[in-house]
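Here is how names work: the chains are called A, B, and so on, in the same order as the sequence lines, proteins then strands, and each is numbered from 1.
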2 protein chains.
Amino acid sequence: MANQPPLQFSLDRSSPVPLYYQLSQQLEAAIEQGGLAPGSLLGNEIDLAARLGLSRPTVRQAIQSLVDKGLLIRRRGVGTQVLHSQVKRPLELSSLYDDLEAAGQQPATRVLHHGTEAAAAGVAAALGVPEGTEVLRVERLRLAHGEPMAHLCNHLPVGLLDAGPARLEETGLYRLIRAAGITLHSARQTIGARAATAEEGERLAEPEGAPLLTMERTTYDDTGRAVEYGSHVYRASRYSFEFQLLVRS
Amino acid sequence: MANQPPLQFSLDRSSPVPLYYQLSQQLEAAIEQGGLAPGSLLGNEIDLAARLGLSRPTVRQAIQSLVDKGLLIRRRGVGTQVLHSQVKRPLELSSLYDDLEAAGQQPATRVLHHGTEAAAAGVAAALGVPEGTEVLRVERLRLAHGEPMAHLCNHLPVGLLDAGPARLEETGLYRLIRAAGITLHSARQTIGARAATAEEGERLAEPEGAPLLTMERTTYDDTGRAVEYGSHVYRASRYSFEFQLLVRS
DNA sequence: CAGTGGTCTAGACCACAGT
DNA sequence: CTGTGGTCTAGACCACTGA
């Protein structure tokens, strides 16, 4: 576990970007590009702060953010080590559209329904509104390479989105919600599986009884208000959920 | 958004428990028990620090830990607010055994296989060892109320666990791994679905072709070493994955 | 404008790991 | 024992929000 040759960091004090953030970004880049070998020690915080002309708390803040990301691990009496990294994404509030686009799958959307209706009991409970409240229901078929991938049914409070069906065919729902100035905060998800009904099979080009992945999700904004309730069905033969998670310590 | 009546906090400076942690625990308790109403402001950090006889950074550290948990939200120029809370668990590295036990489902385990063997290609890749390395394979059937719930196949490096089949029938694998002094750090998971084969149906008391939930997971310890690769199959009629997640900001 | 959180400093002492 | 990260202090200035 030898130490590394001292790396070069460039800090711009005139930049509006916080110093700790500049440092954490450069550290992260050094780790990902192999400039800092897995298992190697980072060098103690005091020296690092002195070398960079920063105070120790600022350096600690930079390091801590990478510890929270799972890239580094601190041990008292030992030092800060680069983790042998299998790390990728810590599980995001993913958008199927973005996932497919990132995978080069050429996503497309067909809007099957777009209109308001009175919320049924289950939807009302999920959105935290009284039963019978007017809500927007959107049903979409998501395709990749022209093949159906999933059937997406979403309920939203009315007035949240001013986008019509046309916008929904161009991009993902989450992008539209964010574009409406809403800050997403958290979500509650349930993932399960069931056999396809005849109608579902028809829509997704699967035989009746084929296994389907299901996801129900309620998303909340930073005021704690529910902004979306989704009930999605994926072809199990074409899709699975993949994610990384960190152990709470 | 009126302010709250000032709450009482008791800090013990002679305790080995850090002050920021004592404060964050008491804040969290106050939030969960309704002493701090959702949407209410917490009061500014300077005053809070003065009232508690703490420095501002210490108070900030306490507040920040709750922000990271999703319980609070800070807005510059506004203040720190209690989030309208639907929050529960932020998604843990869950153990099926613990989940069932917490739900009062009386979990039981039947060990179907327990022995070492040469790692096949897929297993070797997941564990990051050369193909053909000796690894421990454990196959278990998990039951709840005497009904089969899941079939669990796990591969581990030899020597990691000294527990025999008897211990594996008493508790979950993760508890045994932790009891062996290993600090779990992260995991990579894939959740999918497929139709049951005849053999799987037999084991899980489902008809052939019934939908099954599948999970593959590789777990890493805090040195980045893979400690376990699991390939699990759950009865979709009896089980689903439920979790909360926070949006990366 | 006043008030808030966001960032930063330059120290201090303590707890724990490894020698 | 020495060296590390863990905690804590008492200030400072800035950026943003809302009146």
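Taking a 6.0 Å sphere around CZ of A/R167, one finds it holds 12 or fewer heavy atoms contributed by other residues, nucleotides or ligands.
Within the 4.0 Å cut-off from OP1 or OP2 of C/dG3, not a single side-chain nitrogen or oxygen of B/N44 is found.
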Detail all sub-3.5 Å separations between protein N/O atoms and N/O atoms belonging to nucleotides 16-19 of chain C.
from, atom 1, to, atom 2, distance (Å)
C/dA17, O4', A/R76, O, 3.3

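For A/E117 (side chain) and A/E134 (main-chain N/O), no donor-acceptor pair under 3.5 Å exists by modelled atom type. Using modelled atom types, one side-chain atom of B/E169 and one backbone atom of B/V111 make a donor-acceptor pair closer than 3.5 Å. No donor-acceptor distance shorter than 3.5 angstrom exists from the side chain of B/Q189 to the backbone of B/T218, with no hydrogens or angles considered. Side-chain atoms of B/Y97 never come within 3.5 Å of backbone atoms of B/R142 as a donor-acceptor pair (strictly under, hydrogens ignored). B/D47 places no side-chain N or O within donor-acceptor distance of the main-chain N or O of B/A50, the cut-off being under 3.5 Å.
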With pairs defined as Watson-Crick or G-U wobble and both distances under 3.5 angstrom, please note down DNA chain D as a dot-bracket string, | for pairing with another strand. ||||||||||||||||||.

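Contact annotation for A/L19: backbone-only contact, meaning every heavy-atom pair under 4.0 Å involves sugar-phosphate atoms and none involves a base.
Applying the salt bridge (Lys or Arg N to Asp or Glu O under 4.0 Å) rule to A/E28 yields the partners A/K69; only residues at least two apart in sequence or on another chain are considered. Taking B/E101 as the reference, B/R175 meet the salt bridge (Lys or Arg N to Asp or Glu O under 4.0 Å) condition, with sequence neighbours excluded.
Taking the 5' to 3' direction, DNA chain D first and last meets chain A under 4.0 angstrom from a heavy atom at D/dG3 to D/dT7.
For the segment residues 52-60 of chain A, residues with any heavy atom less than 4.0 angstrom from an atom of DNA chain D are, sorted by number, A/R56, A/R60.
In this structure, A/L48 and A/R56 have side chains that are not in contact, with every pair of non-hydrogen atoms separated by 4.5 Å or more.
One distance of note links CZ of A/R13 with CG of A/L54; it measures 6.0 Å at 0.5 Å rounding.
Electrostatic pairing of A/E242 and B/R188 counts as a salt bridge here, judged by a charged N lying under 4.0 Å from a carboxylate O.
Of the residues listed (A/L156, A/T133, A/V135, A/V158), the one engaging A/T116 in a side chain to side chain contact (heavy atoms under 4.5 Å, CB included) is A/V158, and it is the only one.
Residues B/Y21 and B/S65 have side chains that never bring a donor and an acceptor to within less than 3.5 angstrom of each other.
To the nearest angstrom, C1' of C/dG5 lies 13 Å from CG of B/L48.
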